[in-house]
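Below: one structure, written as C-alpha cells.
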Amino acid sequence: MYRTHNCNSLRKTDIGQPVTLAGWVNVTRDHGGVIFIDLRDREGLTQVVFRPEEDAELAKQAHALRGEDVIQVSGRVAARLPGTENPNLATGDIEIIPSGLRILNRTDTLPFPIDAEPQNEDLRMTHRYFDLRRPRLARNLRMRHRVAKATRDYLDSQGFVEVETPILSKSTPEGARDFLVPSRNMPGKFYALPQAPQQYKQLLMVAGVEKYFQIAKCFRDEDLRADRQPEFTQIDIEASFVTPDDIFAVTEGMLGAIFKAARNIEIKTPFDRLTYREAVSRYGSDKPDRRFGMELVDLSDDFRLSSFKVFRNAIDAGGVVKAINAKRFAGITIGQADELTEIAKLYGAKGLAFIKIENGEWKSPIVKFFSDAEKAALQSKLNIEEGDCVFFGADKWETACEVLGRLRLRIAEIQDLLGRARPADASEWDFFWVTDFPLFEWSPEENKWNAMHHPFTRPKTEDMPLFEAKKFPEVRAEAYDVVLNGVEIGGGSMRIYEPELQEKMFEALGISPEARQSQFGHLLRALRLGAPPHGGIAFGLDRLVMLICGEQSIRDVMAFPKNNRAMDLMTQSPAEVDPRQLRDLSLKLAKDKKL
RNA sequence: GGAGCCUUAGCUCAAUUGGUUAGAGCGCCGCCCUGUCACGGCGGAGGUUGCGGGUUCGAGCCCCGUAGGCUCCGCCA
C-alpha cells in the first residue's frame, strides 16, 4: 500500500495518527536545518517537516529533493507550532513529522514551471502529461467527467439508452471532409470515420430503441480553430414519437442537471426562443450573444426616399438600412475605426459609415445628406445620446445583418462588454433556442442547394407547399440550435421519416437516383420498414465544458488535443508508416505529394 | 488557399537611433541559513538571438526568403 490518506484529508482530529502519503514534491523550503516539503497529490497539499535533530539521515535526503520528484512519506500527524498555521491551506493546521522517506522517482529539470501559466502552447502540448498536472487543467478534466456523468445520469433517468455506434463507418457525399481508413480485406475500399452518428441514430429509431443517447466521438477533416478539433465529442440524442417541444424539455432538463452537478448553478428554464429570422435581424447572428444590448435597428422605412444615395440605392435594390448604437464609443480611435471598416469589408460591405456624437454634434461626412425627418427617426429609434457612436449597414438583408453583427461583437470586445471568463451566477448564463432555420442554403461554388442542417432534416409542415413548389430559399426547417452566451452548444431537428419525402429532399439537393441508392440505400430501405416519426439533437461536449470551465479554447478541456495543423506534438502524429503496412492495405504513396 | 501577430538562456521577458563582452526574474548547480508556506542570502553554469541570405565598418534590431506557433477568413451537412 502506497498511502493511507490523500494530501487533502488530514485535519486537527488526525493529530497523533501514523500515516503514509505519496505524491509530488510541490515545493521545498530548505532552511539549512529544518526543511519543509509541500507534498501534492490530485486532492491537495500537505506539509512535511524534516528536522535534522530528529533524524539527520532523513533530513539529508530531504535536502536533495526537487520540485516534482515523486516521493512516499511515512510519519505521524502533528499540530503545527502555534502561530505557524496556514489558513490558506485546508490541511494548514497540521504537518507530517516523517519517520520514513522513499524517493519513488526523480525528475529532470522541468520543461516549464508548473505553477505559472506557460506561454508556449507547443511546449505545453509536447509535454502534455506534464501540462495536465497543472491545477487548472486537472480541474478541467475532472469537470468534464462530472458533466459526462451528469449527462448519463440524467438521460438514464429519463429512459434514454446509451448505444455505441461504429467508428469504422461509411463516407457520405454531404458535409465535411471525411477521415478515411483503408480496408485490408477489401483492397481499394475505405471506411470513413463518422462526422456524427446521424444515420445510425436514425436507424436505431427504426430499430425501436425510441430513446437513444451516446457520448460519441466525431471526426471531421477540416481546418482547426480554438473551438474546433478534428476529433471531438458530441452528446448525441434521438427519440421517437416526439415533437420539438419534447426535445426542448429533455435538453433543458439535461443542461439543468449538468450545471447543477458541475457548478451548482440553477439555470433558468424554459429557455427563450428566437426564430432564425429574428436572431439575425436583431443581432446579426444565428448564435447571438445577448448579454449586452446594441441591437440592430431597421431604418429602411425611414430612408426609403432618402437623398443619401448609398442608403437609397441599397433599399431600391431590395436591401435594407440598419444601424447599431455603440454607447459611449464616440471616443473611437482612428485605428479602431480602420479595424471595424476592415471587418465590414471582410463580410461584404463596401465601406463603413458611422456617426460620432460629441459635444452635442453629429460628426460624420454623411450627416449632411440626411433630412430633418431622417435625423429625427435616427434619434428616436436608436436612442442617440451624447458620447454614442452609430454604425450603419446598407446592403442586402443578409449582408447588412452579418456586417453589423460582426461589428457588434468586436465593439463589445473593445468595450469589454462580454461576460467575465467564468460567469458567477445564473443570470450571466444566457441560454436560448434559435428555431425555424432555413432548410436550404445556396452554394455558389457548387451551383446548387445544400442542406443547411443535414439532408435528413424535415421541412416545417406549414412550409411543405413551398417545398413542393420548389421555392427553396423560403422553406424553413424543423431545426433548432441551443445557444449559450453567444456560442452554439447544440443543434438538432425533426427528421424525415417518409421515404417519398426523403427522396424529394435528395432530389432537391441534386443527388442522383444512383447516388441515393449507393450512398443512402440502407436509410431509404429502413424508412420503408416502419420508421417512426423521430428527431433529436446533438451537443458539442467540448464547447459546453469549455464554457463551464471558463476556458477560451476546447483544447484546454481535452486531455490530448491536436495543434493548429491537426498534429499531436506529443506523439508526433501523424507519422510515416512502414512500407509493409502500406502493402497490406494495397496502398502506394504518390511520388509527387502535390498530386 | 489567404491575412495578422509571434519566435532572444530550461521558462517568462528585457536589450535606447543599427554600436563595447546580449541582461533580469524564476528554474538548475554549489555554499550559507532551524518555523517556512512564492522562505531568505552569497556564488556559478547556461545563448549559433528559429533557420538561410542580403544591406552595413558594424545586425537581436533594417530588407528578402524560409520554418514553426497562435488567432482569424475560406472550410466546418
Side-chain angles (χ1 to χ4, degrees), chain A residues 26-40 45-54 59 63-64 66-68 78 80-89 91-92 95 107-127 130 172-178 194-196 198-199 218-230 232 339 342-343 345-348 406 409-410 437 439-441 443-446 449-457 477 479 488 491 493 505-506 509 511 519 538 540 552-553 555 563-565 567 569:
Chain A
N26 196 56
V27 68
T28 68
R29 293 178 294 279
D30 186 342
H31 290 245
V34 67
I35 297 166
F36 299 98
I37 305 284
D38 285 347
L39 186 62
R40 185 193 75 236
L45 293 175
T46 300
Q47 175 166 282
V48 184
V49 190
F50 293 87
R51 295 197 193 93
E53 68 270 22
E54 289 188 6
H63 176 71
R66 294 293 174 268
E68 300 309 308
R80 292 201 183 184
L81 300 183
T84 67
E85 300 88 352
N86 185 345
N88 301 320
L89 217 55
T91 60
E95 58 197 11
T107 182
D108 276 355
T109 299
L110 308 182
F112 50 86
I114 203 162
D115 57 355
E117 202 54 36
Q119 212 55 43
N120 240 341
E121 199 165 352
D122 52 330
L123 191 73
R124 289 176 53 196
M125 290 307 167
T126 311
H127 302 87
F130 182 73
T172 49
E174 301 274 316
R177 191 177 297 113
D178 284 316
Q195 298 177 21
Q198 182 60 35
Q199 292 187 51
C218 303
F219 306 86
R220 295 178 191 175
D221 190 6
E222 298 291 350
D223 285 345
L224 288 80
R225 292 283 189 279
D227 64 349
R228 268 165 39 190
Q229 283 273 308
F232 60 100
E339 188 201 339
E342 282 308 307
I343 292 173
K345 285 180 178 166
L346 185 61
Y347 290 98
R406 295 281 178 169
L409 281 180
R410 182 59 192 140
F437 278 82
L439 185 62
F440 296 99
E441 64 189 345
S443 166
E445 297 82 26
E446 299 167 275
W449 291 100
N450 281 338
M452 189 157 183
H453 188 51
H454 57 52
F456 319 114
T457 301
E488 178 198 326
S493 64
M505 185 67 188
F506 285 144
L509 296 172
I511 301 172
Q519 303 294 341
Q552 304 292 315
S553 166
R555 289 172 204 174
N563 76 355
N564 241 358
R565 290 197 299 160
M567 284 169 45
L569 293 174

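Throughout, protein chains are lettered first and strands after them, A, B, ... in sequence-line order, and every chain is numbered starting at 1.
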Distance between the P atoms of rG10(B) and rA22(B), in whole angstroms? 16 Å
Any residue meeting side-chain hydrogen bond (donor to acceptor under 3.5 Å, both in side chains) with Thr457(A), in chain and number order, not counting sequence neighbours: His454(A), Ser493(A)
Which part of the nucleic acid, if any, lies within contact of Glu95(A), taking any heavy atom under 4.0 Å across all strands shown: a base, the sugar-phosphate backbone alone, or nothing? base
Under 3.5 Å, is there a donor-acceptor pair between the side chain of Thr91(A) and the main chain of Leu45(A)? yes
Whole-Å C1' distance, rG23(B) and rA45(B): 16 Å
Rounded distance (Å) that lies between atom C1' of rG2(B) and atom CD of Glu342(A): 14 Å
Would you measure the distance from the P atom in rC63(B) across to the matching atom in rU17(B) and give it in whole Å? 15 Å
Using the C1' atom as the point on both nucleotides, what is the distance between rU12(B) and rG27(B), in whole Å? 11 Å
Partner of rA15(B) under the Watson-Crick or G-U wobble criteria, both distances under 3.5 Å, comes out as none
Re rG50(B): Watson-Crick or G-U wobble partner, both distances kept under 3.5 Å, found to be rU66(B)
For nucleotides 7-13 of chain B, list the nitrogen or oxygen atoms of the protein found under 3.5 Å from its nitrogen or oxygen atoms, one pair per line.
| unit_1 | atom_1 | unit_2 | atom_2 | d |
| --- | --- | --- | --- | --- |
| rG10(B) | O2' | Pro111(A) | O | 3.0 |
| rU12(B) | OP1 | Asn120(A) | N | 3.2 |

Gap between atoms CD1 and P, on Ile37(A) and rC37(B) respectively (whole Å): 15 Å
Protein-nucleotide distance (Asn86(A), atom CG; rC37(B), atom P), rounded to Å: 9 Å
Looking at Arg565(A), I'd like to know whether one of its side-chain N or O atoms comes within less than 4.0 Å of OP1 or OP2 on rG68(B). yes
Quickly work out the Arg66(A) CZ to rC28(B) C1' distance and round it to whole Å. 8 Å
Does Arg29(A) put a side-chain nitrogen or oxygen below 4.0 Å from OP1 or OP2 of rU36(B)? no
Of all residues at least two apart in sequence or in a different chain, which pass the side-chain hydrogen bond (donor to acceptor under 3.5 Å, both in side chains) check with Glu95(A)? Gln47(A)
Give Asn563(A) one of three labels, base, sugar-phosphate or nothing, depending on what nucleic acid heavy atoms sit under 4.0 Å from its own. sugar-phosphate
How many whole angstroms separate atom CD of Gln195(A) from atom C1' of rC75(B)? 12 Å
Gap separating the CZ atom of Phe232(A) from the CZ atom of Phe219(A), nearest 0.5 angstrom: 9.0 Å
For atom C1', what is the distance between rA15(B) and rG60(B), given to the nearest Å? 8 Å
Closest contact, heavy atoms only, Ser553(A) versus Ala226(A): OG-O, 3.2 Å
From CG of Asp30(A) across to P of rC39(B) the rounded distance in Å is 12 Å
Got a sec, which residues hit salt bridge (charged side-chain N to carboxylate O under 4.0 Å, His left out) with Arg565(A), two or more places apart in sequence or on another chain? none
Indicate yes or no: does Arg410(A) engage Glu339(A) in a salt bridge with an N to O separation below 4.0 Å. yes
Measuring only the P atom in each nucleotide, how far is rG2(B) from rU48(B)? A whole number of Å is fine. 33 Å
Could you check how far CD1 of Ile114(A) sits from C1' of rA38(B), rounded to whole Å? 15 Å
Can you check the distance between rU20(B) and rC61(B), where both ends of the measurement are the P atom (answer in whole Å)? 14 Å
Would Asp223(A) and Arg228(A) pass as an ion pair if we require N to O under 4.0 Å? no
Using purine N1 to pyrimidine N3 plus N6-O4 or O6-N4 for Watson-Crick, or N1-O2 and O6-N3 for G-U wobble, both under 3.5 Å, which nucleotide pairs with rG40(B)? rC32(B)
Hey, what are the protein-to-nucleotides 71-74 of chain B N/O distances that come in under 3.5 Å?
| unit_1 | atom_1 | unit_2 | atom_2 | d |
| --- | --- | --- | --- | --- |
| rU71(B) | OP2 | Arg555(A) | NH1 | 3.4 |
| rU71(B) | OP2 | Arg555(A) | NH2 | 3.0 |
| rU71(B) | OP2 | Asn564(A) | OD1 | 3.2 |
| rC72(B) | OP2 | Ala226(A) | N | 3.3 |
| rC73(B) | OP2 | Arg225(A) | NE | 3.0 |
| rG74(B) | N7 | Arg225(A) | NH2 | 2.8 |
| rG74(B) | O6 | Asp223(A) | OD2 | 3.4 |
| rG74(B) | O6 | Arg225(A) | NH1 | 3.0 |
| rG74(B) | O6 | Arg225(A) | NH2 | 3.2 |
| rG74(B) | N1 | Asp223(A) | OD2 | 2.5 |
| rG74(B) | N2 | Asp223(A) | OD2 | 3.3 |

Who pairs with Arg406(A) by side chain to side chain contact (heavy atoms under 4.5 Å, CB included), at least two apart in sequence or on another chain? Ile343(A), Tyr347(A), Glu402(A)
Between Asn26(A) (CG) and rG27(B) (P), how many Å, whole number? 13 Å
Nearest nucleotide by nearest heavy atom, which residue falls closer to the 5' end of RNA chain B, Phe36(A) or Thr28(A)? Phe36(A)
Can you list the residues that meet the salt bridge (charged side-chain N to carboxylate O under 4.0 Å, His left out) rule with Glu85(A), with sequence neighbours excluded? none
Planes under 30° and centres closer than 5.5 Å, is that true for His31(A) with the base of rC33(B)? no
side-chain hydrogen bond (donor to acceptor under 3.5 Å, both in side chains) filter on Glu342(A), not counting sequence neighbours, yields none
Checking all strands, does Gln198(A) fall into the base, sugar-phosphate, or nothing category for heavy-atom contacts under 4.0 angstrom? base
Return the set of residues passing side chain to side chain contact (heavy atoms under 4.5 Å, CB included) with Gln195(A) (not counting sequence neighbours), or none when no residue passes. Ala176(A), Asp178(A), Arg220(A)
Paired to rU56(B) by Watson-Crick or G-U wobble criteria (both distances under 3.5 Å) is none
Expressed as a whole number of Å, how far does the C1' atom of rC62(B) sit from that of rU49(B)? 16 Å
Look at the side chain of Arg80(A) against the base of rC37(B) and say whether a donor-acceptor pair falls under 3.5 Å; ignore hydrogens and angles. yes
